[in-house]
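Chain A is the first sequence line, chain B the second, and so forth, proteins listed ahead of strands; every chain is numbered from 1.
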Amino acid sequence: MAEVKNIATRDAYGAALCELAEKRNDFVVLDADLAAATKTGTFKKAHPEMFYNCGIAEQNMMSVAAGFASTGKLVFASSFAMFAAGRAFEQVRNSIGYPHLNVKIGATHAGISVGEDGATHQCCEDIALMRTIPGMTIINPADATEARQAVLAAAELDGPVYMRFGRLAVPVVFGDDYKFEIGKGVELKAGTDVTVIATGLMVKEAMEAYDLLAAEGISARIINMATIKPIDRDIIVKAAKETGAIVTAEEHSVIGGLGSAVAEVVTEECPVPVIKVGVNDTFGMSGPANDLLGIFGLRAKDIVEKAKQAIAAKK
Amino acid sequence: MNEQRKIELKKYSLEAKKQIIIGTNCAKSGHPGGSLSCTEILTYLYFDKMNIDPKNPDKADRDRLVLSKGHAAPALYGVLAVRGFFPVEEIKQLRKPYAMLQGHPDKKHIPGVDMSSGSLGQGISAAAGMALSAKHFGDDYRVYAIIGDGESEEGQVWEAAMFAAHKRLNNLTVFADLNNLQIDGTLDEVNSPLPLDKKFEAFNWNVIVIDGHDFDQIEAAVAAAEKCTDKPTAIIANTVKGKDVSFMENQVNWHGAGPNDEQAAEALAELDERIAAL
Ligand SMILES: Cc1ncc(C[n+]2csc(CCOP(=O)(O)OP(=O)(O)O)c2C)c(N)n1
Ligand SMILES: [Mg+2]
């Protein structure tokens with residue numbers, strides 16, 4: 001087997017911005033004194049004239065981005081997920097969302113895998129917050145390959161997009177032949193007993209869970225759901241009908257994120273058991289990212305356990 | 001400004017003020033006080049100053065205005081209607097379900113509205129974003145914003161002030177409508193942000209203090225702002241909340257209440273008298 005490379009999706013974000021600038025120069029990138037960490041610093045180095053640092057003032061940055069976009073131009077605005085979606089929530093809603101402006105929010109350091117910085121920086125609520133804004137597109141890429149494509153696709157879409165990236169270097173699971181499309185889930189493994197719908201770094205865990213379940217004779221379907229809004233209803237309903245049980249897996253609170261989005265579709269269109277793997281309505285804590293993923297129950301074995309529960313709960 | 005033009009602008013502004021009364025009366029709600037205090041500023045900008053075209057409200061090279069104190073929407077709507085962006089009859093639908101004229105400015109649906117606003121503190125940042133875009137792409141349009149004095153208690157106003165000065169957005173001019181009142185009382189009774197002139201100066205802005213109802217002073221201040229080559233300009237406009245409707249002037253309770261039919265008739269009669277006296 002070829003050696004698996006580890007790349008953080010934030011790195012792919014910075015690189016994709018540089019790539020985009022090779023194609024068009026009608027955009028700028030804003031950051032709020034975190035360019036080194038969000039990796040817009042990579043872009044700043046390559047294109048200093050297209051980068052503006054807004055300083056530690058995320059609320060202003062989001063409304064500035066809205067005004068900028070209102071002039072018919074594209075703009076990326078970056079900070080940590082906690083501050084982009086949390087601190088500046090109302091600016092994103094009212095300045096960007098309500099007028100449906102063409103702002104791309106690049107939110108990095110999402111989830112528990114922020115690691116040592118701990119609870120104040122581990123945003124597990126951003127998907128829930130962004131999902132409530134009408135017209136907001138939310139993309140949570142699984143790896144660097146998908147993150148790159150997501151950035152380029154978001155740039156082509158007219159309207160606000162929230163892109164969620166991680167700090168932790170994670171395995172590149174998709175090859176160059178992988179094709180990301182906004183609003184489309186992707187079936188990575190066929191299966192009939194249960195479906196695991198995963199997003200972000202949990203996709204890799206879901207792939208591991210597939211093997212563990214197969215070893216026990218359980219056939220799991222694995223779906224990568226990078227776009228959380230608009231959610232791919234068809235692939236969810238099909239999975240509910242064909243496998244009769246669903247597990248969701250996300251590095252986010254079990255309240256309001258992918259699991260909720262999937263459950264909303266399933267309960268309306270084809271009720272079957274939906275069990276969520278996610279951060280269980282609790283704050284994070286400091287520690288090495290990989291340890292924390294285990295502590296917070298975000299590993300393949302946790303998906304396996306929930307998959308068995310979901311199957312047992314089938315009528 | 002020549003006398004003839006001044007009389008015309010006063011007339012347009014009084015016509016717009018009538019629309020403020022009509023709209024808030026029909027809606028039985030809305031914000032007449034803070035609308036009446038900034039009507040002259042809006043009138044000067046839309047009738048005399050800004051490069052805009054009511055027939056082509058989205059033209060790319062237009063000057064832009066953000067009513068950061070979005071609750072003064074009736075003033076903006078009144079001026080836009082009198083200026084010809086949409087029929088004045090629309091004003092009677094203000095705040096009604098499915099009406100074009102929402103309670104606060106709605107960029108997506110109202111011709112001439114450059115930015116949605118209503119959540120205080122955000123509009124000045126959006127205006128700075130527009131000014132940044134103009135600078136970045138070498139476009140020579142100018143951007144105006146109107147903030148409230150009470151609004152200036154919002155931290156975001158000062159984030160924007162810091163940003164606009166640091167980025168040397170001299171194409172941005174912000175009017176502060178200094179009418180000394182907010183919702184719960186006078187500035188002093190609530191949490192005064194004064195002195196605004198000194199604060200903007202400290203934030204590295206070009207600052208001009210004027211009477212916000214005097215067209216000569218408004219014109220001179222805007223001209224001076226245009227001459228400033230390295231800083232954004234804050235025009236601190238001393239105003240009277242409720243200006244030109246005597247029973248509303250300086251009355252905190254006219255911040256957010258629509259006049260009843262009797263009150264509206266009295267207000268309209270006074271405004272008509274003022275027009276006749278021009
Ligand atoms: C963020 C936010 N907080 C509160 C309000 C409610 N509000 C509407 S108007 C107003 C008072 C505004 O006072 P000022 O800026 O002085 O306006 P003016 O006197 O010109 O009407 C308040 C608190 C709001 N619209 N936005
Ligand atoms: Mg006031």
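The part of B:Q102 that comes within reach of chain A is its side chain, from C-beta onward, which places non-hydrogen atoms under 4.5 angstrom from that chain. Residue B:D58 does not touch chain A at all, counting heavy-atom pairs closer than 4.5 Å. Neither the backbone nor the side chain of B:A127 comes within contact range of chain A, judged by heavy atoms closer than 4.5 Å.
A ring-centre distance under 6.0 Å is not found for A:F43 and A:F51. In this structure, A:H109 has its ring center no closer than 6.0 Å to that of A:F165. A distance of 6.0 Å or more separates the ring centres of B:H71 and B:H104.
The interface of residues 85-92 of chain A with chain B, defined by heavy-atom distances below 4.5 Å, comprises A:E90, A:Q91.
Chosen from B:K167, B:M115, B:H136, B:M162, the residue pairing most often with chain A at heavy-atom distances under 4.5 Å is B:H136. Note on B:K108, B:K107, B:Q122, B:Q156: by heavy-atom pairs under 4.5 Å with chain A, the leading option is B:Q122. Counting heavy-atom pairs closer than 4.5 Å to chain A, the top-ranked of the candidates B:A128, B:A164, B:A134, B:A160 is B:A160.
B:S117 OG to B:K69 NZ: the interatomic distance, rounded to the nearest 0.5 Å, is 11.0 Å.
Although no hydrogens or angles enter the test, the distance criterion places no donor-acceptor pair under 3.5 Å between the side chain of A:T40 and the main chain of A:A36.
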Evaluate A:E49 against A:K44 for salt bridge (charged side-chain N to carboxylate O under 4.0 Å, His left out), listing each step before the verdict. CA-CA 8 Å; A:E49 73 294 344; A:K44 175 188 170 187; over 6 Å; no
Evaluate side chain to side chain donor-acceptor pair (under 3.5 Å) for B:N170 paired with B:K135, printing each intermediate quantity in order. CA-CA 9 Å; B:N170 65 319; B:K135 285 257 165 206; 2.5 Å; yes
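Note that B:R62 lies outside the cation-pi zone of B:Y141, set by a 6.0 Å cut-off to the ring centre and a 45° limit from the axis. Remark: A:K73 qualifies as a cation-pi partner of B:F137 under the 6.0 Å distance and 45° angle criteria applied to the six-membered ring.
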